[in-house]
Amino acid sequence: MSELYTLVEGGQYLIENFDEFLTLLREHIILVLVSELAAITVAVPLGVIAVRYNRLKSSILSVGNVAQTIPTLAVIALAFPIFGLGFNSAVIALFVYALLPILTNTIAGLEQVDENTIEAAEGMGMTKWEVLRKIQLPMALPVIFAGIRTSVVITVGTAYLAFFIGGGGLGVWVISGINLFNTPQILAGAIPGALLAITLDSVFAFIEHQIGGEGHHDQSIATG
Amino acid sequence: MIKFDNVTKIYADSTVAIRDISFEVAEGTTTVLVGPSGCGKTTTMKLVNRLEDPTEGAVYYDGTNTQEIGVTELRRDIGYVIQEIGLFNHMTVGENVATVPKLKGWDDGQIDDRVDKLLELMALSPEEYRDQYPRELSGGQRQRVGVARALAADPDVLLMDEPFGALDPITRADLQDEFLEIQAEINTTILFVTHSIDEALKMGDKIVIFDVGELVQYDTPRNILENPNSEFVRDFVGEDITLKKLSLINVDEIMRPTNVIEDTTDQDSKTAVTNGGEVMHHLAPGDSLKSALSTFVESDIQSLPVVEDEETIGVIDRDEIYEIYNGG
């Protein structure tokens, strides 16, 4: 019963501080969006380069892997002395963390495009660039998008840590709540974040299904 | 139209794909490259559209060394069909067919007309198939789209790498027949790769037989059957040489046209084939002597009429087929 009561208290806290909540939620979403956009802008071309120049692939992938293995808190802590306090620093830390899922999926997506399809395209007189733009990227899009989706969900969670370097977001309530043993405040910050992650995941799943819905499913049948 | 001049291709790992190959493909003809797997026939074909470049020698396209033609330009002028078809699964059938015309910068109306015309040519109704995706089609239909796509920009040369290889025997035979009709209509220069000697005999005006990396015999189907130049060719052609030869000759090549038939023969054939005014056994001018022979065996008649548009245009005797049979 007491858990339910705490939940209600959390709801009350949220309603009483609704204006502040909106500000924090907006900060949180902006943190996620900006770092994700940056990650997509960097990871997709990097994936293309990795597939095109096979020798670079392992080094590119290991950079991404290393970025992922550093604990989130450490990335945040490392960003602070270099980029200082505040929003920019937080975005950079989140960006580093968001790279890998997009990078690996871009590489996997491009590599799974059937060799015969590429040969047919080249044989028909497409340039390397045209093959990439008209054949490989569109065919890899659902897989790349799945990577973006994973990355977004992770970043929504990671963005809570932005509070430590003054990046704002819902982490403000959660971490202050932990420090002050204020459970309603923790819940008021944590639950909306969880809901945000679930919502974004479903939205992306829907888009993914839309773009993957035409012709991308039974590859095995289509090439057989 | 295409000329191979002492072409050798050695891959980077120093395997020799083909050695010192020379032959010519005349304009408007179909030349079939045939041989066991790994004999270099596909490599030979890829040398034409520069998916491979020769190590020594030169390939000429319409009199020009292909090395002097831009890769992109050359490839857009040459239709290309591969065994696995390689359709673009994220594009509709119509978009697939439109690929090369789009690359060549045709205007939209022209492209749409061309796409519809080609789908019709390949017996795929444009209204039904234009907006479908490749995965919705059967193997035979996808192969038709593959051929339509290769023909889209009206290429002077069509390269076909085992285009019917992945199909079941019935669909393959149907597509071969249809393609022969289409070829008679469009008259493109075709280079066709297969591992099946039967397909080669059926599709080719000329046949190039490869052993590992080497050209063994370059000749007409009939000459290859009648005068194989080596043990390898004889083995490769296999059994039933006579039947294969009969399947190469059409009824209208050896029939006696009706207007010069003497009265007696005429009467003979009439009694043989009419039964209450209904023609029982007859042949079409386009039938092969192989199927004629089968009809002779079935009907047990000495001579059969050749009927076109319900009119008897000639007569063929069983003995004439036997003569060819014995002569072979």
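In what follows, chains carry the letters A, B, and so on, assigned in the order in which the sequence lines appear, proteins first and then strands, with residues in each chain numbered from 1.
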If you count heavy-atom pairs within less than 4.5 Å of chain B, which of A:K134, A:E119, A:E130 leads? A:E119
Go through B:V100, B:L103, B:L159, B:L137 and name the one with the most non-hydrogen pairs under 4.5 angstrom from chain A. B:L103
Establish, yes or no, whether the cationic atom of B:K3 lies under 6.0 Å from the six-membered ring centre of B:Y60 and within 45° of the ring axis. yes
Heavy-atom pairs under 4.5 Å with chain B - which of A:G123, A:A121, A:A120 has more of them than the others? A:G123
Measure the acute angle between the ring planes of B:F164 and B:F179, then classify it against the limits of 30° and 60° as parallel, tilted or perpendicular. perpendicular
Check whether B:L87 gets within reach of chain A through its side chain, its backbone, both or neither, counting any heavy atom under 4.5 Å. backbone
Under 4.5 Å, counting heavy-atom pairs only, tell me which of B:R76, B:R50, B:E73 racks up the most with chain A. B:R76
Can you see whether A:F21 has A:R26 sitting over its ring - NZ or CZ less than 6.0 Å from the centre and within 45° of the normal? no
By the definition side chain to side chain contact (heavy atoms under 4.5 Å, CB included), identify the one residue from B:L33, B:L215, B:V193 that meets it with B:T44. B:L33
Need one label for B:K46: side chain, backbone, both or neither, based on atoms under 4.5 Å from any heavy atom in chain A. side chain
Could you tell me whether the side chain of A:V113 reaches within less than 4.5 Å of the side chain of A:I118, counting heavy atoms only? yes
